[in-house]
Amino acid sequence: MSEAVLIIDGAVASALRLTLADLQAVDPFAQIADVGQIDPKRKGAAVKLSALLAKAQPKSGAAYLTLHASADDFHASVPLAAVQDRALLIYSLQGQPLPTSMGGPVRFFIPDFAACHTAEVDECANVKFVDRIELSTSRGFDNRPADEKAHADLHQHESK
Ligand SMILES: Nc1nc2c(c(=O)[nH]1)N[C@H]1C(S)=C(S)[C@@H](COP(=O)(O)O)O[C@H]1N2
Ligand SMILES: [Mo]
């Protein structure tokens with residue numbers, strides 16, 4: 001069995017362990033072949049979060065979605081309603097796994113993000129190396145930078 005690249009769990013009826021092949025096998029209607037069509041600065045193939053949530057079936061009380069990147073211990077928790085119909089997961093480039101240099105193997109992407117730390121759903125919530133999406137009834141763990149200084153420090157140390 002191939003390795004899971006993304007886990008979806010928490011307040012869901014059916015927890016998911018998704019491999020690259022599972023993401024590639026998602027319904028074509030939920031696939032974006034090239035995110036460059038949405039944002040010219042981005043590259044790669046993506047799948048709609050909504051299609052994955054349809055498989056996981058969030059429980060009725062689920063109100064938050066927490067994006068966990070264990071690779072660099074970065075976490076962001078956002079209201080489910082704000083992202084469920086628009087967020088994407090970028091997962092491959094030219095048929096290969098999305099490279100780490102681009103936030104792979106899986107990168108969360110909100111196409112119309114707000115500027116960093118201006119809103120609950122901001123550019124900082126475009127979590128790279130996301131390996132687990134946890135649904136919950138109340139807000140989950142979030143260590144996004146809280147102010148300009150913390151944000152500048154993070155970018156200083158960020159592995160690009
Ligand atoms: N895993 C992880 N994801 C992350 C970060 C990080 O440090 N680690 N930084 C965030 C911040 S603060 C920003 S502004 C964007 C930057 O994404 P970009 O480098 O693709 O422009 O990634 C976000 N995702
Ligand atoms: Mo950011």
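Basis for what follows: all heavy atoms, side chains included, without hydrogens, waters or symmetry-related copies.
The shortest heavy-atom contact between Gly10 and Glu134 is CA-CG, 4.4 Å. The shortest heavy-atom contact between Ala125 and Leu67 is O-CD1, 3.6 Å. Taking all atoms of both residues into account, the shortest heavy-atom contact from Ala119 to Ala114 is CB-CB, 4.0 Å. Closest approach of Ala76 to Val127, counting heavy atoms only: CB-CG2, 3.9 Å. Gly95 and Gln24 make their closest contact through O-NE2, 3.9 Å (heavy atoms, listed as atom of the first residue, atom of the second, distance).
Screening residues 88-97 for salt bridge (charged side-chain N to carboxylate O under 4.0 Å, His left out) gives no qualifying pairs among residues at least two apart or on separate chains. Each ring-ring contact (aromatic ring centres under 6.0 Å, His included) pair with one or both residues in residues 33-72, not counting sequence neighbours, appears once here: His68-His75. A ring-ring contact (aromatic ring centres under 6.0 Å, His included) check over residues 84-116, counting only residues at least two apart or in different chains, returns nothing.
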I would like to know whether Leu52 and Leu18 meet side chain to side chain contact (heavy atoms under 4.5 Å, CB included); could you show each step before the answer? CA-CA 9 Å; Leu52 304 183; Leu18 301 163; 4.0 Å; yes
Asp9 vs Leu16, test: side chain to side chain contact (heavy atoms under 4.5 Å, CB included). Steps then yes/no. CA-CA 7 Å; Asp9 66 1; Leu16 306 176; over 6 Å; no
Kindly determine whether Thr19 and Val5 satisfy side chain to side chain contact (heavy atoms under 4.5 Å, CB included), including the steps that lead there. CA-CA 5 Å; Thr19 64; Val5 290; 5.6 Å; no
I would like to know whether Ile133 and Leu89 meet side chain to side chain contact (heavy atoms under 4.5 Å, CB included); could you show each step before the answer? CA-CA 11 Å; Ile133 295 179; Leu89 292 139; 4.0 Å; yes
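For Asp153, the salt bridge (Lys or Arg N to Asp or Glu O under 4.0 Å) test picks out Lys149, with sequence neighbours left out. By the salt bridge (Lys or Arg N to Asp or Glu O under 4.0 Å) test, Asp131 is found to be paired with no residue, residues two or more places apart in sequence or in another chain being considered. Asp122 meets the salt bridge (Lys or Arg N to Asp or Glu O under 4.0 Å) test with Arg144; sequence neighbours excluded. Under the salt bridge (Lys or Arg N to Asp or Glu O under 4.0 Å) criterion, Arg86 pairs with Asp112, sequence neighbours left out. Partners of Ala63 under the side-chain contact (heavy atoms from CB on, under 4.5 Å) rule, at least two apart in sequence or in another chain, do not exist in this structure. For Asp27, the side-chain contact (heavy atoms from CB on, under 4.5 Å) criterion is met by Phe29, not counting sequence neighbours. Judged as a side-chain contact (heavy atoms from CB on, under 4.5 Å), and not counting sequence neighbours, the contacts of Leu93 are Lys43, Leu98, Pro99, Met102. Qualifying side-chain hydrogen bond (donor to acceptor under 3.5 Å, both in side chains) partners for Asp34, counting only residues two or more places apart in sequence or in other chains: none. Under the side-chain contact (heavy atoms from CB on, under 4.5 Å) criterion, Gln96 pairs with no residue, sequence neighbours left out.
In this structure, Leu49 and Leu65 have side chains that are in contact, with non-hydrogen atoms separated by less than 4.5 Å. Within the 4.5 Å cutoff, the side chain of Phe129 has no heavy atoms near those of the Val106 side chain. For the pair Phe74 and Pro145, the minimum side-chain heavy-atom distance is below 4.5 Å. Contact annotation: the side chain of Lys55 never approaches that of Ser14 to less than 4.5 Å [non-hydrogen atoms, C-beta and beyond]. At least one side-chain heavy atom of Pro79 sits less than 4.5 Å from a side-chain heavy atom of Glu120. Put simply, the side chain of Leu6 does not reach to within 4.5 Å of the side chain of Arg132, judged on heavy atoms. Between Leu88 and Val35 there is a side-chain heavy-atom pair separated by less than 4.5 Å.
The closest donor-acceptor contact from the side chain of Ser77 to the backbone of Gly140 lies under 3.5 Å. A donor-acceptor contact shorter than 3.5 Å links the side chain of Asn143 to the backbone of Asp73. Side chain of Gln31 to backbone of Leu23: a donor-acceptor contact under 3.5 angstrom is found. Proximity of a side-chain donor or acceptor of Asn126 to a complementary backbone N or O of Ile110 within less than 3.5 Å is detected.
In this structure, CD on Glu3 lies 8.5 Å from CZ on Arg17, to the nearest 0.5 angstrom.
Under the 4.5 Å side-chain contact rule for hydrophobic residues, Ile38 and Ile90 share a cluster. Linking ILVMFWY side-chain heavy atoms closer than 4.5 Å, directly or via other members, places Val12 and Ile7 in two distinct hydrophobic clusters.
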